[in-house]
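Below: the structure, in structure tokens.
All ligand and atom numbering here is 1-based and tracks the order in the structure.
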Amino acid sequence: MIDKNISLPRVDSFIAGELRPSADGVYTDKIDPRTGRKIKEIAASTAEDFVAAADSANTAFEVWRDKPPGERGRLLVELGRVIRNNGHLLGQIESEETGKPAHEMPALIQLTAEFFEYYGGIVNSMDGEVVNRSPDYHVYTRRDPFGVIGVILPWNAPLHQAARAIAPALAVGNCVVAKPSEHTPGSLVKLAELAVVEAGLPAGVFNVIVGRGTVVGPAMVSHPAIQKISLTGSVRAGQELGKLAAERILPLTLELGGKSANIVFDDCNIAAAAKGSVRAFTWNSGQWCAAGTRLLVQENIHDLFVEKFVAEVAALRVGPEADATSGPITTKAQYEKIQSYFAIAENEGLTCAIGGKTMSGGRFSEGWYVEPTVYTGVSNDSVLAREEIFGPVVVVIPFKDEKDAIRIANDSDFGLSAGIWSRDIGRVHRVAARLDAGRIVVNEYGGGFVQTPCGGFKQSGYGREQGVDALAHYTQLKSVIIRL
Ligand code: NAD
């Protein structure tokens with residue numbers, strides 16, 4: 001029986017089909033970002049706990065890998081149905097832990113269910129190939145699972161990011177030990193419980209270990225059953241994990257940070273571009289890897305555009321309410337990091353068109369709220385244009401023409417996403433072809449489907465989640481050559 005109480009006092013790991021406290025009984029306090037008050041405790045798992053989870057996944061692998069793909073797929077599609085049926089519960093847990101306004105959750109729950117339904121369906125059409133080269137040989141390829149996959153996750157969209165890695169990994173016959181962020185593990189633990197207890201996945205196939213990356217990461221890398229790791233997180237975590245993984249030549253998929261250019265050309269629909277560009281940097285309070293935080297605006301429409309854009313920002317409703325446009329910053333450390341960039345902007349003498357402060361007093365007095373912030377006339381060399389802030393802060397950078405826009409957009413260590421606003425279809429294709437980014441969205445910002453590959457150029461990472469290719473990323477290609 002699953003406890004469906006939304007506010008449980010503790011979050012424990014889910015190992016071999018059951019909830020387990022951490023081996024040494026250590027818990028950390030979970031603070032509600034809306035109020036600054038403690039709401040629950042979160043297990044700080046040890047390396048020993050991780051070994052139990054990986055061993056259980058390794059045992060389950062022997063059975064799971066041999067199930068016909070159609071049978072694995074049916075269980076994942078069933079999990080999609082269970083997620084939809086429990087959407088309110090999952091959404092409430094995630095909203096409480098992240099501070100996301102409740103109205104954001106149904107779309108994220110729907111997306112989470114879709115990943116399991118999509119990969120549960122298409123795995124049944126994945127086959128090897130026959131290589132016909134000689135009548136004396138029968139040669140074919142197979143795609144074999146790796147074994148146990150480690151999945152490390154951030155706190156900004158816990159279920160969505162977990163599902164996009166876990167669903168394809170399980171579909172092709174791997175088992176999983178997932179490590180959600182130590183700040184927001186509750187919804188994924190509940191999802192794993194639902195997967196085993198209500199959808200019928202065998203115990204041990206899908207485990208969740210709750211704890212710190214600096215403890216669980218090294219344990220994950222050194223466990224022999226772990227054959228691949230998918231990490232969604234910061235460049236720093238990617239670098240640290242990459243160094244450890246290099247010792248074992250462990251393959252990684254890295255979905256890291258961004259500083260994405262959102263380019264507004266003079267032939268665009270200015271009203272639509274102004275509105276869409278606000279969402280680009282404020283969705284989820286700017287805690288979004290793909291956020292359009294470098295807003296490149298063509299010089300000849302700059303003043304007109306900025307006026308409309310700032311008016312749209314002024315109309316946002318930030319707050320603890322369920323229907324607010326955006327909520328608080330999820331962690332205290334992130335709240336303080338954003339403030340440090342306000343100080344850097346002041347030192348650099350940037351022009352602040354709106355925002356630039358935390359929100360205090362009244363209903364903001366205890367939570368972690370910051371004002372959506374726009375700096376104008378910024379050079380692409382500014383610290384605020386180079387570093388990922390991960391908060392609702394945008395820099396407006398003027399440009400002359402197409403060539404100039406491409407040069408500035410690509411002058412970044414990151415290459416996760418980009419936006420183009422233009423009604424000239426030729427220009428759209430020319431610019432999209434030249435941008436160094438894994439995802440280009442035109443005449444809106446964000447977007448995409450579970451079928452759309454997602455990943456970065458440069459320091460934004462390598463490998464791709466989502467789309468049909470992700471199935472291949474969680475398999476190893478093998479050739480079988482038979483002399484007849
Ligand atoms: P983070 O890097 O601090 O943590 C991410 C995860 O990595 C957490 O589970 C953490 O415990 C773990 N971790 C930290 N250090 C580790 C280590 N040395 N070894 C192993 N694991 C370690 O990131 P965050 O603050 O949780 O999330 C924000 C970051 O995630 C931003 O940089 C954002 O751009 C990025 N992100 C990227 C994508 C994408 O698809 N590219 C999506 C969401 C978030």
Side-chain angles (χ1 to χ4, degrees), residues 13 28 33 42-45 47 50 97-98 108 111 150-165 177-185 188 208-223 226 229-247 250 252-260 281 283-293 329-338 387-391 412-417 437-439 446 448 452-467 470:
S13 296
T28 56
I42 291 175
S45 297
F50 179 79
E97 291 188 357
T98 58
L108 288 167
L111 206 51
V151 177
I152 303 180
L153 298 156
W155 42 258
N156 59 329
L159 284 176
H160 160 215
Q161 277 143 4
R164 72 182 187 178
V177 181
K179 195 209 85 63
S181 165
E182 52 273 41
H183 303 289
T184 56
L188 187 60
V208 179
I209 186 97
V210 175
R212 288 186 184 283
T214 44
V215 175
V216 176
M220 191 179 271
V221 172
S222 58
H223 194 291
I226 297 289
I229 299 178
S230 160
L231 174 126
T232 304
S234 61
V235 171
R236 177 198 52 75
Q239 288 166 334
E240 287 172 12
L241 187 74
K243 282 180 198 155
L244 295 175
E247 288 292 322
L250 263 187
L252 304 176
T253 294
L254 296 178
E255 292 277 357
L256 307 178
K259 192 77 201 177
S260 299
F281 86 98
W283 182 75
N284 207 29
S285 300
Q287 302 166 112
W288 181 24
C289 52
T293 50
I329 301 303
T330 301
T331 73
K332 186 151 187 268
Q334 187 57 32
Y335 175 62
E336 287 165 355
K337 181 177 167 192
I338 296 167
E387 296 183 5
E388 183 185 48
I389 300 173
F390 221 56
S412 172
D413 292 337
F414 299 98
L416 192 57
S417 199
R439 175 178 289 193
T452 321
C454 180
F457 283 33
K458 304 190 220 173
Q459 289 188 20
S460 292
Y462 52 75
R464 294 289 179 272
E465 302 284 17
Q466 305 190 188

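Of the candidates A178, G438, S234, the one placing a heavy atom closest to atom 2 (O) of ligand 1 is S234. Heavy-atom proximity to atom 28 (C) of ligand 1, evaluated over W288, F414, F390, is greatest for F390. The residue among L241, N284, T232 with a heavy atom at the shortest distance from atom 5 (C) of ligand 1 is T232. Counting heavy atoms only, E240 comes closest to atom 18 (N) of ligand 1 of the residues K337, K179, E240, K243. Taking only non-hydrogen atoms, the option from G257, G233, G455, P154 nearest to atom 35 (C) of ligand 1 is G233.
No donor-acceptor distance shorter than 3.5 angstrom exists from the side chain of S285 to the backbone of Q287, with no hydrogens or angles considered. Not one N or O on the side chain of Q459 forms a donor-acceptor pair closer than 3.5 Å with the backbone of V235. Looking only at distances, a side-chain donor or acceptor of S460 sits under 3.5 Å from a matching main-chain atom of G257. With hydrogens and angles disregarded, no donor-acceptor distance shorter than 3.5 Å links the side chain of K179 to the backbone of G150. No side-chain donor-acceptor contact under 3.5 Å links Q334 to the backbone of T331. A distance-only check finds no donor-acceptor pair linking the side chain of T293 to the backbone of K259 [under 3.5 Å]. With hydrogens and angles ignored, the 3.5 Å screen pairs no side-chain donor or acceptor of R212 with any backbone N or O of S181. Looking only at distances, a side-chain donor or acceptor of E255 sits under 3.5 Å from a matching main-chain atom of E465. No donor-acceptor distance shorter than 3.5 angstrom exists from the side chain of N284 to the backbone of A157, with no hydrogens or angles considered. For the pair S260 (side chain) and L416 (backbone), a donor-acceptor distance under 3.5 Å is absent.
Proximity to I152 (heavy-atom distance under 4.0 Å) selects the following atoms of ligand 1: 6 (C), 7 (O), 9 (O), 12 (C), 20 (C), 21 (N). Ligand-side atoms of ligand 1 in range of S181: 9 (O), range being under 4.0 angstrom from any heavy atom. The distance from ligand 1 to the heavy atoms of L416 drops below 4.0 Å at these ligand atoms: 41 (N).
When hydrogens are left out, the protein atom nearest atom 40 (O) of ligand 1 is R164 NH2, 2.7 Å; that is the closest non-hydrogen contact. Annotation: atom 25 (O) of ligand 1 to nearest protein heavy atom, W155 NE1, 3.0 Å. Of the protein's heavy atoms, L153 O, 3.2 Å lies nearest to atom 8 (C) of ligand 1. Summary of contacts: the protein heavy atom closest to atom 22 (C) of ligand 1 is G213 CA, 3.5 Å. Among all non-hydrogen protein atoms, the one lying nearest atom 39 (C) of ligand 1 is C289 SG, 3.3 Å. Closest to atom 3 (O) of ligand 1, if we only count protein heavy atoms, is R236 NH2, 3.3 Å. The nearest protein atom to atom 31 (C) of ligand 1, hydrogens excluded, is given as E388 OE1, 3.4 Å; this is a heavy-atom distance. The nearest heavy-atom contact from the protein to atom 14 (C) of ligand 1 is A237 CB, 3.8 Å.
For the pair T214 and ligand 1, the shortest N or O to N or O distance does not fall below 3.5 Å. In terms of polar-atom proximity, Q161 is not counted as a contact of ligand 1, lacking any N or O under 3.5 Å from an N or O of the ligand. For ligand 1, the polar-atom distance check against L256 finds a nitrogen or oxygen pair separated by under 3.5 Å. Every N/O-N/O distance between S460 and ligand 1 stays at or above 3.5 Å.
Side-chain atoms of T28 and E182 include no donor-acceptor pair closer than 3.5 Å.
Side chains of H223 and V177 form no contact here, defined as non-hydrogen atoms less than 4.5 Å apart.
For the salt bridge (charged side-chain N to carboxylate O under 4.0 Å, His left out) test, no residue two or more places apart in sequence or in another chain qualifies with E388. Residues that satisfy the salt bridge (charged side-chain N to carboxylate O under 4.0 Å, His left out) test with E97, not counting sequence neighbours, are K40.
Ligand 1 lies nowhere less than 4.0 angstrom from a heavy atom belonging to Q287.
In E255, the parts holding a heavy atom less than 4.0 Å from any atom of ligand 1 are both the side chain and the backbone. If you look at E465 next to ligand 1, there are no close heavy atoms at all, none under 4.0 Å. At a heavy-atom distance under 4.0 Å, no atom of H183 approaches ligand 1.
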